[in-house]
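Values in this document were obtained by computation on a predicted structure and should not be read as measured data.
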Amino acid sequence: MHSDFEDTAKNPKYGAPITKREAEILAIIRKNPMISHQELADMLGITRSAASVHLTNLTKKGKIKGRGYILEQPNYATIIGAANMDINGFSFEPMVAGSSNPGRISLVPGGEARNLAENLARLGINAKLMAPIGGDMFGEKIVADCRALGIDTSDCLLLPNASTSLFMAFINSGGDMAMGLSDMRIEDNITPEYVQRKSGILAGSKVIVLGSGLPPETLQYVLENFPQKEIIMDVGAVGKCKRFVHLLDRMCTLQLNRIEAEFISGISIVTAQDAIRAAKHISKMGPKRVFITLGVKGCAVVTPSEEGFFHTRARRPVSTTGVGQAYTAGIVYGAIYDLSLTETVQFAMACSTLTLQSESAVNRALNLQAVEQVVLDNQEY
């Protein structure tokens, strides 16, 4: 992988980050606190002595508190936004406008916030979902699916008389979304008053992720009342930009794709340098960190102290649906475990790569080991 960034892993501002292997070990211990050193070594494919070294390092870093693997209180991420049913249509041949196209249709739980929560759960992150759920069979399916994945839905807003939001995506034969149609009106029920009642949950979060489809007053409430928190927003769609553009000066981390970045910055993005220039322009409007993703080409990142473009190995996409949420999951993972900026971007791009290779908005094969392998593959590129 080629990058203009320097390794920031030892930068004091990042504290004492844990390695990806250590994060993997913590995830295993949370599931089996009584696991032996040898059992842990066997699961990881390493020697017993190597496992002991990792455990010692985790104890020194304060992640393990005592005998029997008493863990520190796990950090968690709170995701506020949409949970809906996705109706995905995959065309077998190039799509013809104004005509019925042969293909295949799937119906699966989705939504930006829910998809992000699933990605995080598959990476071993404690994810709390705050989404409006309708009192219909789609809502029941979403809640049941989330609980089976280990996503905390106890703070979702259940609305018995409302219809769960829906999203329809039309995927062309090349794997790109030709068109999408969403009905997210239920999201307007996530009001500042509702969020205020959940202030304790937000105050305890290490990371808060805001869906850009939330009411502007709700976005403003969170940004104004939790300024010390790591707050991340994935724009999601150009049509949502008007909801929050006046709040850019209060944002911590903003993630955009090329089209969204062009809309906000007014800069046409063709090359990597164009993307960096657009990110710098947007950062001057307020966000401390700006990530602009350019699909299989890579991404531009600008922070108060660094700027650069990360390239990644190009792969033929199966579907681009959900790639943004996968990238966001990588950013959240980096924030939860205090990874360096370089490590965070590498991890986020690997999550996106895995999602590109899946028809679903979340790749069911996503896990720490799979992400680490993609990171290694990209580094050899």
Could you tell me the separation between the [atom1] atom of [X] and the [atom2] atom of [Y], rounded to the nearest 0.5 Å?
X      : Y      : atom1 : atom2 : answer
Leu223 : Met251 : CG    : CE    : 5.5 Å
Ile282 : Ser265 : CD1   : OG    : 5.0 Å
Ser91  : Asn172 : OG    : CG    : 7.5 Å
Tyr327 : Asn119 : OH    : CG    : 14.0 Å

Carboxylate-amine/guanidinium proximity below 4.0 Å for [X] and [Y]:
X      : Y      : value
Glu260 : Lys240 : no
Asp155 : Lys198 : yes
Arg147 : Asp145 : no
Glu118 : Arg122 : yes
Lys206 : Asp338 : yes

Has [X] got a side-chain atom pairing as donor or acceptor with [Y]'s backbone, closer than 3.5 angstrom?
X      : Y      : answer
Thr293 : Gly295 : no
Ser358 : Leu354 : no
Arg243 : Leu214 : yes
Thr164 : Gly139 : yes
Glu343 : Ser340 : yes
Asp42  : Glu39  : no
Asn88  : Met168 : no

Pairs in or reaching into residues 217-228: which pass side-chain hydrogen bond (donor to acceptor under 3.5 Å, both in side chains), with residues at least two apart or in two chains?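 Found Gln220-Glu224, Glu224-Arg250.
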Go through it in stages, so that I can follow the logic: the residues are Glu93 and Ser173, the test is side chain to side chain donor-acceptor pair (under 3.5 Å), and I'd like the CA-CA distance, side-chain angles, deciding distance and then a yes or no. CA-CA 5 Å; Glu93 301 173 355; Ser173 56; over 6 Å; no
Test log, rule ring-ring contact (aromatic ring centres under 6.0 Å, His included), inputs Phe244 and His246: CA-CA 5 Å; Phe244 63 83; His246 63 291; 8.5 Å; no
To which residues is Val323 joined in a hydrophobic cluster, defined by side-chain heavy-atom contacts under 4.5 Å among Ile, Leu, Val, Met, Phe, Trp and Tyr, whether direct or through other members?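 So far as hydrophobic clustering goes, Val323 is joined with Val296, Leu356.
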Step by step, would you call Glu372 with Arg21 a salt bridge (Lys or Arg N to Asp or Glu O under 4.0 Å)? CA-CA 9 Å; Glu372 288 173 0; Arg21 175 66 82 185; 5.3 Å; no
Side-chain contact test, heavy atoms from C-beta onward, threshold under 4.5 Å: evaluate it for Leu129 versus Asp152 and give yes or no.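 Contact flag for Leu129/Asp152 side chains = no.
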Go through the side-chain N and O atoms of His37 and Ser52 and say whether any donor and acceptor fall under 3.5 Å apart.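 Looking only at side-chain atoms, Ser52 and His37 do form a donor-acceptor pair, the distance falling under 3.5 Å.
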Would Thr303 and Lys288 count as a side chain to side chain contact (heavy atoms under 4.5 Å, CB included) if you check the C-alpha gap in whole Å, the side-chain angles of each, and the deciding distance to 0.1 Å? CA-CA 6 Å; Thr303 75; Lys288 296 180 179 64; over 6 Å; no
Using a 6.0 Å cut-off, check whether atom CE of Met285 has over 12 heavy atoms from anything other than its own residue.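 Counting neighbours around CE of Met285, more than 12 heavy atoms of other residues, nucleotides or ligands fall under 6.0 Å, so yes.
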